[in-house]
Amino acid sequence: MPEHYDPQSIEKRWQQRWSDEGTYVVDNDDPRPPFYVLSMYPYPSGPAHMGHVRNYTMGDLLVRYRTMRGDGVLSPIGFDSFGLPAENAAIKTGTHPRVNTEANVEALSDSLRRIGAAYDWRRVVRSHDPDYIRWTQWIFLKFYEAGLVYRNEAPVNWCPGCKTVLANEQVLPDGTCERSGDLVERRNMEQWFYRITAYAQELLDGLEPLDWPEKVKIMQRHWIGRSEGAQFGLPIADSEGNLRSDSEPLMVYTTRPDTSFGITFAVMSPEHPRVGELTTDEQSDAVEAFQKSVMDLSEIDRLSNAGNLDKRGVATGCYVINPFNGKSIPLFLADYVLMTYGTGAIMAVPGEDQRDWDFAMAHDCAIVRTVQPPADFDGEAYTGEGLAINSGFLDGMEMLQAKAAAIDWLESEGLGQRTVNFRLRDWLLSRQRYWGCPIPIVYCDVCGEKPVPEADLPVDLPDDVEFMPTGQSPLTTHEGFLAATCPDCGGLARRETDTMDTFVDSSWYFLRFADPWCDTAPFSATAVERWMPVDQYIGGVEHAILHLMYARFFTKALSDLGVAPKGIREPFRRLFTQGMIRLGGAKMSKSKGNLVAPEEILDFQGADALRLAHLQVKPPQEDVDWEDFGIDGCSKFLHRVWRLGVPGGSLTAGARSGPLTAIDEEVDRATHRLVNRVTREYDRWSYNTAVAGFMEFTNTLYRWIQSDDGPHADTLNSAVNTLLLVMAPAAPHLCAELWEGRNGGHIHTEPWPEADPAKLQDDMVTMVVQVNGKVRDRIEVQSDIGADAAEAMALASERIIEFLAGDIPVKVIVRPPTLVNLVI
RNA sequence: GCCCGGGUGGCGGAAUUGGCAGACGCGGAGGACUCAAAAUCCUCUGGCCGCAAGGCCGUGCGGGUUCAAGUCCCGCCCCGGGCACCA
């Protein structure tokens, strides 16, 4: 073997061998304990960027580590290959998304191989493969049958210039189209939805036992947004306050029924279906104008807190009655009341809600306090706890008691009931796009909306399409695609031209990996039973909410539908979210033109140095600036390891034989400590300190080798072998090459080394002696020293005697064998 | 505004339960090898005072608990991220 480390000459060879020998191929009847490691499958945008390298290095380390620990590790890879960028490129350059996407898949696959990532390549799935489309559609139809899919009107971003629907990211912050510059309108269109809200409670409850970052769980809980309160009706009145028996009460939802005596007005969403019915003739012009102005507002404007509340609401002229005290109160519309939350109408209690307070001030409404604020309270609305006042039968009650009493009263009077409400909304899955999975529905003039029969799946995307410069989906004008036969009457039908959100594809790919060969179902239940849930899922925190929520929903629904096993209720047992890479404080991205390409580093310092740099630079979960990477330091370190490990190398040529010295035994103990340390640190994702451990140990060996006595050949041999074993998951090529040269065989199939507990401690340790908490001396002591002996040694120390200057310690704290503290 | 993180040398960071602050790397200084340089190897490298031995200070700020605080408690400041009219 060459004395000089040359990554180029070894890395390709080992990548080939892992592939040829199927080192990381695992069958579904593998006898080893199953362990499923999954890094989120990437969108194929071309060769890997640094973010990919970081993500897939983390995952690969775990795959190789668990394999050495003796597990049969499932390590699949796939590609999230549908999506807007490929379609935009097609519109711009004319390159077909399929051509572009597949070239990118190849380029990214190459990159992944070049960084040494180990996958079972037989299991690759690509979202756009007909085989995958088929099962994505099949699942859609299963959900459709089960009532988990429905169609409804929903607002979309419509660009009048392009005559097409825009994704949120295509709308600029000023509300114009990024392509044409036209002002984007909000327009209602028929859209497909997944009924994820049916699982709201279960999605919330299921979070508890998951071994996920607490931060992600909190974000999901917040997103689901469960609240408890009451729903009840406000009877409709005329302007004199007389009950109008011809109208149903207006339903409102509140989390503060205890404050109901303080309701002094009510507010409806401008989209509320009863606006027309409840608006008086005198107010109808003003109300219509207001509704129109809200429609024209971009979502961003509407959600911002700016603007005067007097302009953001309008009176309907209608009155409603507060059922708690019988008082007649005005009904308004306001843009901040959302049709999508609760009942789309609220009761307003300005005394206890700041926004209601502000609105009341702007519209001259009464304000009544119903909770006693503390004596020193000098704010406006009081939102804290306190005793109920001005509240009839609730007076004097604490908040919780008053809530319960108010709801009990509503229920006994038959006016309303206790209600649980969620912020979570159903999942709008329609995309008016070409490059996505077609929705398998046809529309027959006679029979209406009909699912495509299972036997006719997949509904594939036609390739012979024209991309309009406007961005309109070519499916809407493709006669061959549009024409379909009605499965019921056999008559002519028109195909649905919307495609699915790409989050649909990524909501079940991890199940497909268990059995990508299955052609009778999306996956076989036995394979899923074996591998699922994913033991370790790895990805960016940017997917903390949507992707993870959707994947959890799919898993639960598929389980309930009997497609996946009953016991699989959660897809990802453990989740790790790694930080992103920035350059000069800014996120690296193609559009910013600040990418650092991994290729140059792979060509020069090699994959192992790049991997090590990613592991070493920072704790894996934190964001990192590219400037902080120490590629050269890592490369230098690998050269040091090479000189240490290369058989017959000049560095290690002078090793002794014969009896072992104390220093040899110390090195041996250090070797066991290394194993212990790296094992623990791999298990807790402390990869940066694991790398520090390699370096520290290597420094120890160098000093020993260059000491006067030199190293003992046997001790050195096992020390270096152990170093290679624990480094193998991090720097797989170099370790494999040196191992083969030294021992023959394949390091990645070697068992993980075990530390001998008896050798984890040195015989002698340094004990610090403090006086009043300050270190005044250090003494070498036996590591099994007792408390009395430790104290005696401390008191006998010359430096300590000097320091005490005759004082007798009033207190002595002894923590053998590391510390004695004398208090004087 | 609310909810999460975080703040430690010139820089990235390390520090099981409260027990030697600054591991490891980068950067810097010095030395060895060399005709010389690169590469390599070794040593030093928080600040201040001191020739030295050594001393004092030091983990965002201010208090507190403790024999002992980066770590625990109270009150602030700053930075990053998420959510944001959610009734």
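What's counted below: heavy atoms across the whole structure, side chains too, no hydrogens, waters or symmetry copies.
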Q) Looking only at side-chain N and O atoms, does A/Y341 come under 4.0 Å of OP1 or OP2 in B/A87? A) yes
Q. Counting just side-chain N and O atoms, does A/R640 come under 4.0 Å of either OP1 or OP2 of B/C41?
A. yes
Q | Interatomic distance where CZ belongs to A/R425 and P belongs to B/C83 [whole Å] | A | 13 Å
Q: Among the candidates B/C4, B/C67, B/A84, find the nucleotide nearest to the side-chain atoms of A/K215.
A: B/C4
Q: For nucleotides B/C41 and B/G25, find the distance between their P atoms and express it as a whole number of Å.
A: 11 Å
Q. Touch check for A/K636, heavy atoms < 4.0 angstrom, all strands: base, sugar-phosphate only, or nothing?
A. sugar-phosphate
Q: Verify the ring-centre separation between A/H363 and A/F332: is it less than 6.0 angstrom?
A: yes
Q: Could you check which of B/C67, B/A23, B/A87 has an atom nearest any side-chain atom of A/T255?
A: B/A87
Q) What distance, rounded to whole Å, do you find between the two C1' atoms, one in B/C78 and one in B/U8? A) 15 Å
Q | OP1 or OP2 of B/G25 under 4.0 Å from side-chain N/O of A/N699 | A | yes
Q. Hey, does the side chain of A/R677 come within less than 4.0 Å of B/A14's phosphate (OP1/OP2), counting only N and O?
A. no
Q: Between B/G6 and B/U71, how far apart are the P atoms? Round to whole Å, please.
A: 13 Å
Q: For A/E380 and B/G1, give me the distance from atom CD to atom C1', rounded to whole Å.
A: 14 Å
(Q) Would you say the rings of A/F232 and A/Y253 are close, in the sense that their centroids are separated by under 6.0 Å? (A) no
**Q.** Whole-Å distance separating the CZ atom of A/F629 from the C1' atom of B/C26
**A.** 13 Å
Q: Identify which nucleotide among B/C20, B/A87, B/C4 has an atom closest to any side-chain atom of A/V337, counting heavy atoms from C-beta outward.
A: B/A87
Q: Counting Watson-Crick and G-U wobble pairs only, both distances under 3.5 Å, name the nucleotide matched with B/U65, or none.
A: none
Q | Nearest listed nucleotide, side chain of A/M695, among B/G19, B/A23, B/G25 | A | B/G25
Q. So what does A/G633 touch, heavy atoms closer than 4.0 Å: a base, only the sugar-phosphate, or nothing?
A. sugar-phosphate
**Q.** Distance-only polar pair, side chains of A/S650 and A/E3, donor-acceptor under 3.5 Å
**A.** yes
Q. Paired with B/U71 by Watson-Crick or G-U wobble geometry, both distances under 3.5 Å: which nucleotide is it?
A. none
Q. Looking across every strand, which nucleic acid part, if any, lies under 4.0 Å from A/F803 by heavy atom: base, sugar-phosphate, or nothing?
A. sugar-phosphate
Q: Would you indicate what A/V823 reaches in the nucleic acid, counting non-hydrogen atoms under 4.0 angstrom: base, sugar-phosphate, or nothing?
A: sugar-phosphate
Q. Is there a Watson-Crick or G-U wobble partner for B/U40 with both distances under 3.5 Å, and if so, which one is it?
A. B/A32
Q.
Work out how far the P atom of B/G7 is from that of B/G70, and round it to whole angstrom.
A. 14 Å
Q. Is the phosphate of B/C41, meaning OP1 or OP2, less than 4.0 Å from a side-chain N or O of A/R643?
A. yes
Q.
B/G55, OP1 or OP2 - any side-chain N/O from A/R799 closer than 4.0 Å?
A. yes
Q) Under 6.0 Å from the CD atom of A/E214, do we count more than 12 heavy atoms belonging to anything else shown? A) yes
**Q.** Touch class at under 4.0 angstrom, heavy-atom based, for A/I218 against every strand present
**A.** sugar-phosphate
Q: Determine the contact category for A/D353: base if any of its heavy atoms lies under 4.0 Å from a base atom, sugar-phosphate if only primed atoms, P, OP1 or OP2 are that close, otherwise nothing.
A: nothing
Q: Using the C1' atom as the reference point in each nucleotide, state the distance between B/A32 and B/A39 in Å, no decimals.
A: 14 Å
Q: Applying side-chain contact (heavy atoms from CB on, under 4.5 Å) between A/D356 and each of A/T264, A/T259, A/I346, A/V267, report the one that passes.
A: A/I346
Q. If only side-chain N and O atoms of A/Q706 are considered, is one of them under 4.0 Å from the OP1 or OP2 phosphate oxygen of B/C42?
A. yes
Q. Between A/F629 and A/H614, does the ring centroid distance fall short of 6.0 Å?
A. yes
Q. Can you tell me if the side-chain N/O atoms of A/N688 get under 4.0 Å from OP1 or OP2 in B/A14?
A. yes
**Q.** Base paired to B/G1 (Watson-Crick or G-U; both N/O distances under 3.5 angstrom)
**A.** B/C83
Q | Minimum side-chain heavy-atom gap A/R226-A/N421 below 4.5 Å | A | no
Q | Same-atom distance (C1') from B/G18 to B/C11, integer angstrom | A | 29 Å
(Q) Can you check the distance between B/G50 and B/C33, where both ends of the measurement are the P atom (answer in whole Å)? (A) 35 Å
Q: Tell me what A/Y702 touches on the nucleic acid: a base, only sugar-phosphate, or nothing, going by heavy atoms under 4.0 Å.
A: sugar-phosphate
**Q.** Any A/K618 side-chain nitrogen or oxygen under 4.0 Å from OP1 or OP2 of B/G13
**A.** yes
Q. If you look at every strand shown and take non-hydrogen atoms under 4.0 Å, does A/R684 touch a base, only sugar-phosphate, or nothing?
A. sugar-phosphate
Q: Report yes if at least one side-chain N or O of A/K774 is closer than 4.0 Å to OP1 or OP2 of B/C57; otherwise report no.
A: yes
Q: Would you please confirm or rule out a distance under 4.0 Å between OP1 or OP2 of B/C86 and any side-chain N or O of A/R355?
A: yes
Q) Considering only side-chain heavy atoms of A/V775, which listed nucleotide, B/A21, B/A15, B/G12, is closest? A) B/A21
Q) When rounded to the nearest Å, what value does the distance between P atoms of B/A68 and B/A87 take? A) 48 Å
Q. For B/C56, which nucleotide is its Watson-Crick or G-U wobble mate, given both distances must be under 3.5 Å?
A. B/G47
Q. Any luck finding a side-chain donor-acceptor pair between A/E780 and A/T766 under 3.5 Å?
A. yes
Q. Below 4.0 angstrom from OP1 or OP2 of B/C41, is there any side-chain N or O of A/R703?
A. no
**Q.** Any A/Y702 side-chain heavy atom under 4.5 Å of A/R643 side chain
**A.** yes
Q) Does A/R423 have a side-chain nitrogen or oxygen under 4.0 Å from the phosphate oxygens OP1 or OP2 of B/A84? A) yes
